[in-house]
Novice: 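One structure, pasted below without further comment.
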Amino acid sequence: MTAAFAVSLSLATPSPAAATPDAMNLGAADLSGVSEWVVGVMEDVGAPGAGLVVALENLFPPIPSEVILPLAGFTASRGGFSLLDAILWTTAGSLLGAYVLYLLGGGLGRDRTRALIGRIPLVAVADVDRVEAWFARHGSKAVFLGRLVPLFRSLVSIPAGICRMPLWRFLGLTLVGSLIWNSVLILAGYFLGENWQLVEEYAGALQVLVAAGVAGLVTLFVAKKLRKRRERVTV
């Protein structure tokens, strides 16, 4: 009881150190500017602040969820807010950010997208048609699984809007996928405590693998297009 009262008193008593990352013992590694900003928002606003940052992460990928979510879990473990609040508010932020990108895709529209992509060197309108047909068949799986894959988590909302996926389906799939992703990273930060940065390291490695896979596919696509172009020239 005495220890619990001391902890409660220390949390309730304002002090300059309480607002600093060092006071929260966030780990041995120095925090980046983004991490410090995330900490500040969560300290000032609480769990809704974590949700706000996640919503912004969907719109501005340089704000990584691999930092935000484990930090939210760590903050919950220190009593900054409850674990349930962390999961619910960050998932609400994911929904909001995804919805904004869905609206952006809908505003861009199919015809404008085809015109813009058709101007990219080596990309033909037929390629756009194939991607569109694929998304029409597998769009639901793409939206759900995309929420679990770094780099694609935000981007998948745009083609969903372009293809006019029913809003209720888009939001439902985004809710479930985001709830899984957010819960895993928040729980990891919650149980790892001061070692929460391990989550960022492993998630960063996964992001590198995804980026390498995308780069490989783009390379294969370009090589195939160049080969076809040479074949047409030699005929």
Side-chain angles (χ1 to χ4, degrees), residues 3-27 29 31-102 144 147-148 150 153-154 157 170-204:
F5 176 77
V7 172
S8 301
L9 183 61
S10 65
L11 290 174
T13 304
S15 65
T20 64
D22 290 338
M24 293 181 64
N25 295 322
L26 289 174
L31 291 174
S32 67
V34 172
S35 299
E36 290 181 355
W37 176 73
V38 170
V39 170
V41 172
M42 287 192 291
E43 286 180 342
D44 294 339
V45 189
L52 174 62
V53 175
V54 169
L56 293 175
E57 176 260 334
N58 279 266
L59 304 175
F60 304 101
I63 305 175
S65 64
E66 293 82 359
V67 171
I68 302 167
L69 297 173
L71 265 176
F74 175 73
T75 304
S77 73
R78 291 304 180 93
F81 38 77
S82 73
L83 182 62
L84 181 60
D85 281 343
I87 293 174
L88 292 180
W89 278 105
T90 55
T91 301
S94 296
L95 272 178
L96 177 60
Y99 179 57
V100 171
L101 291 177
Y102 174 89
F144 171 70
R147 302 304 304 179
L148 307 175
R153 298 186 63 252
S154 300
S157 302
F170 170 77
L171 292 178
L173 293 167
T174 300
L175 172 63
V176 177
S178 297
L179 184 60
I180 294 172
W181 175 264
N182 293 356
S183 297
V184 169
L185 269 66
I186 288 173
L187 287 169
Y190 185 88
F191 289 111
L192 284 172
E194 294 179 9
N195 295 317
W196 65 269
Q197 289 170 330
L198 290 173
V199 182
E200 182 183 0
E201 293 177 12
Y202 284 107

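One is the number of the first residue; the rest follow in order along the sequence.
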Novice: State which residues pass side-chain hydrogen bond (donor to acceptor under 3.5 Å, both in side chains) with S94; sequence neighbours excluded, sorted by chain then number.
Specialist: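 Per chain and number, S94 pairs via side-chain hydrogen bond (donor to acceptor under 3.5 Å, both in side chains) with N182.
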
Novice: State the OG-CG distance between S77 and L187, to the nearest 0.5 angstrom.
Specialist: 11.5 Å

Novice: Could you tell me which non-hydrogen atom of V41 sits nearest to which non-hydrogen atom of G49, and how far apart they are?
Specialist: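 The answer is CG1-O, 3.5 Å.
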
Novice: Between T90 (side chain only) and I87 (backbone N and O only), is there a donor and an acceptor less than 3.5 Å apart?
Specialist: yes

Novice: State, yes or no, whether a side-chain contact exists between T91 and V54 at a heavy-atom distance under 4.5 Å.
Specialist: no

Novice: Which heavy-atom pair separates M42 from A72 by the least distance, and what is that distance?
Specialist: SD-CA, 3.7 Å

Novice: Taking all atoms of both residues into account, what is the closest heavy-atom pair of L59 and V100, and its distance?
Specialist: CD2-CG1, 3.7 Å

Novice: So do the side chains of V176 and I180 get within less than 4.5 Å of each other, counting heavy atoms only?
Specialist: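 V176 reaches I180 side chain to side chain.
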
Novice: If you define the side chain from C-beta out and look only at heavy atoms, does anything of T174 sit under 4.5 Å from Y99?
Specialist: no

Novice: Look up atom CZ in F74 and atom CD1 in I186, then write down how far apart they are to the nearest 0.5 Å.
Specialist: 14.5 Å

Novice: Which heavy-atom pair separates F170 from S157 by the least distance, and what is that distance?
Specialist: CZ-OG, 3.5 Å

Novice: Quick check for you: to the nearest 0.5 Å, what is the distance between I68 atom CD1 and L52 atom CG?
Specialist: 9.5 Å

Novice: For S178, give me all partners under side-chain hydrogen bond (donor to acceptor under 3.5 Å, both in side chains), at least two apart in sequence or on another chain.
Specialist: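 Partners of S178 by the side-chain hydrogen bond (donor to acceptor under 3.5 Å, both in side chains) criterion, ordered by chain and then number, come out as R147.
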
Novice: So among V184, L185, L179, which one has a side chain to side chain contact (heavy atoms under 4.5 Å, CB included) with W181?
Specialist: L185

Novice: Going by heavy atoms in the side chains, are F81 and T75 under 4.5 Å from each other?
Specialist: yes

